[in-house]
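Written out below as structure tokens is the structure these notes cover.
Please read these numbers as outputs of a predicted model, since none were measured by experiment.
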Amino acid sequence: MGLGEAKRVVTNKKLKGLGEMAFAVGGGPVNWFPGHMAAATRAIRDRLKLADLVVEVRDARIPFSSASHHLQPQLSSKRRVVALNKKDLANPNIIPKWIRYFDSCSTNQDCVAINAHSKTSVNKLLELVEFKLREAISKEPTLLVLVIGVPNVGKSALINSIHQIASSRFPVQEKMKRARVGPLPGVTQDIAGYKIAHQPSIYVLDTPGVLVPSIPDIETGLKLALAGSVKDSVVGEERIAQYLLAVLNTRGTPLHWKHLNNRRLEGIRYDSKEKHEYNLKDLRPKRRKSPNDSDMLYVEDLVTEVQCTLYLTLLEFNGNVEDESDLEGLIEQQFEALQKAFKIPHKASEARLMVSKKLLTLFRAGLLFSSFPSYFVVLMSQNLLKLYYKANRCLHVLVSSCLILNEKSAFQMLMMLHLGHTR
Ligand SMILES: Nc1nc2c(ncn2[C@@H]2O[C@H](COP(=O)(O)OP(=O)(O)OP(=O)(O)O)[C@@H](O)[C@H]2O)c(=O)[nH]1
């Protein structure tokens, strides 16, 4: 994808179908729907017939794009909870509006925002599930809850948390397996059941993440790629990073990071000349290497450096971000500047790829929109850090109020609903 393409996506112009767009790395159509997904979709459809309740997990940052659109006709007649997961990475100002919107879609359907790694949050979801099942519980000895969702939205993380809560809450007899969780899409490839309660027995069934057979437009495809629902190698890290930069720039997000430049001028606390053992890859949730104070300063300073780089390049940019070639030039400059910020050697042959990977890691760990690496709060659970995080919360909310993945057109519709307009 050229930068012009990213720009066209951002400005929401109608684009050709994905298959025609030579969207894959090196050209050629993208295989969004590998063979195992077709088989899994059939298995999910079969189980849907038996389910007493469906939890549809979506990514709270892209609640429309991450919908299991192809299953909606079957879902419409089911008791359903839409769980907007990864709320810790999403814009907290917009989430309540999404919840109101999804609640109002159908009487069968409720919506709740969760963080699959937080027991409090998952407990809230379980309470809602039990409440919705109460009517059926009086009639049936066994109830089935099916968890569905596109790849990488956090179904397995959710199932693991449910399992842990259920193990402490109910006298569970069988030894239960943990669901497989992975940072890469498509990790869960079989369907497993977990008994979470007795009398009546409630089973929660995990399912593999399946995408819709054809993704309707390139913007949806890029959002799913950015959120990690499509393997990076399918689309190409550089393209995803270009899309991220195009969206950030056209929405003026880096201009909200002005205050960080002052902090940067005060001096970066971590001396970059030292060889540092901490690797950005450790931010990926699977690698639970506990960072120490020096690691934290390193990552925090790196995030500040990246934010300031994007802020300064956009501030000094004389062109028009709405103009395709101007934006292209800006993004090129930003790639070069980010290479310095990430301290990637000038002549590294894979420099652009390395810049892209690092930028995506920061974005996906939720660090780009926080004045403090909130990921560490979850990882380390240190009260001190939590306090620090709370103190910075106002700032975090302010910055993330311009969070990029707000599903623009859907959001406008929400605003209309909010203002009392109906169609
Ligand atoms: N920050 C954050 N990360 C989450 C949350 N839930 C899941 N994750 C991370 O997202 C990644 C994907 O989670 P999984 O539970 O494997 O996703 P899945 O939907 O089962 O994925 P498939 O197996 O591909 O269908 C993992 O790295 C999780 O740690 C959340 O609420 N917040």
Side-chain angles (χ1 to χ4, degrees), residues 39-58 63 66-85 99 102-114 116 119 121-151 153-180 188-210 212:
T41 302
R42 282 194 296 278
I44 292 169
R45 281 190 203 283
D46 286 347
R47 280 163 181 79
L48 265 178
K49 292 178 198 147
L50 306 172
D52 297 289
L53 186 143
V54 177
V55 175
E56 188 191 355
V57 185
R58 298 192 189 182
S66 59
S68 301
H69 289 292
H70 58 314
L71 297 172
Q72 297 304 315
Q74 262 183 291
L75 292 178
S76 58
S77 59
K78 292 280 173 194
R79 286 180 199 83
R80 178 157 55 136
V81 175
V82 175
L84 302 181
N85 190 35
I99 293 177
F102 286 118
D103 275 348
S104 68
C105 285
S106 150
T107 49
N108 273 346
Q109 177 178 289
D110 288 275
C111 179
V112 62
I114 60 165
K119 291 228 170 58
S121 181
V122 176
N123 253 321
K124 228 173 94 186
L125 170 68
L126 283 185
E127 279 166 22
L128 185 58
V129 166
E130 285 177 63
F131 176 77
K132 285 180 78 72
L133 278 174
R134 200 173 291 156
E135 191 193 349
I137 282 172
S138 62
K139 298 176 202 153
E140 302 283 343
T142 302
L143 296 161
L144 292 182
V145 177
L146 196 69
V147 177
I148 64 164
V150 300
V153 283
K155 297 175 298 299
S156 301
L158 172 63
I159 292 270
N160 283 338
S161 292
I162 290 177
H163 174 202
Q164 282 171 21
I165 293 167
S167 306
S168 60
R169 199 198 277 181
F170 303 109
V172 182
Q173 285 165 17
E174 291 99 317
K175 195 170 176 238
M176 287 177 281
K177 284 185 284 178
R178 283 170 64 85
R180 279 181 290 165
T188 315
Q189 294 204 356
D190 51 357
I191 296 187
Y194 303 88
K195 188 173 179 179
I196 60 160
H198 276 316
Q199 295 174 346
S201 299
I202 299 182
Y203 287 87
V204 176
L205 303 186
D206 189 15
T207 59
V210 284
V212 291

Side-chain contact test, heavy atoms from C-beta onward, threshold under 4.5 Å: evaluate it for [X] versus [Y] and give yes or no.
{"X": "F102", "Y": "L84", "value": "yes"}
{"X": "N85", "Y": "L158", "value": "no"}
{"X": "I148", "Y": "L75", "value": "yes"}

[X] versus [Y], closest heavy-atom pair with distance:
{"X": "A116", "Y": "S161", "result": "O-OG, 2.6 Å"}
{"X": "K132", "Y": "R80", "result": "CE-O, 3.5 Å"}
{"X": "A51", "Y": "L146", "result": "CB-CB, 4.0 Å"}
{"X": "V153", "Y": "S66", "result": "CG1-CB, 4.3 Å"}

Fill in: Worked verdict on L143 versus L53 for side-chain contact (heavy atoms from CB on, under 4.5 Å)
CA-CA 8 Å; L143 296 161; L53 186 143; over 6 Å; no
Item to complete: Would you please name every residue forming a side-chain contact (heavy atoms from CB on, under 4.5 Å) with S106, sequence neighbours left out?
Response: N108, Q109
Donor-acceptor pair, [X] side chain versus [Y] backbone, under 3.5 Å?
{"X": "K124", "Y": "V112", "result": "no"}
{"X": "R58", "Y": "P63", "result": "yes"}
{"X": "D103", "Y": "C111", "result": "yes"}

Worksheet entry | Residues that D52 engages under salt bridge (charged side-chain N to carboxylate O under 4.0 Å, His left out), provided they are two or more places apart | none
Practice prompt. Given side-chain contact (heavy atoms from CB on, under 4.5 Å), test V145 with L133 step by step and report yes or no.
Written response: CA-CA 9 Å; V145 177; L133 278 174; 3.8 Å; yes
At what distance, to the nearest 0.5 angstrom, does [atom1] of [X] lie from [atom2] of [Y]?
{"X": "L128", "Y": "D110", "atom1": "CG", "atom2": "CG", "result": "5.0 Å"}
{"X": "Q164", "Y": "N160", "atom1": "CD", "atom2": "CG", "result": "6.5 Å"}
{"X": "N123", "Y": "I162", "atom1": "CG", "atom2": "CD1", "result": "10.0 Å"}
{"X": "L71", "Y": "H69", "atom1": "CG", "atom2": "NE2", "result": "11.0 Å"}
{"X": "I44", "Y": "S68", "atom1": "CD1", "atom2": "OG", "result": "7.5 Å"}

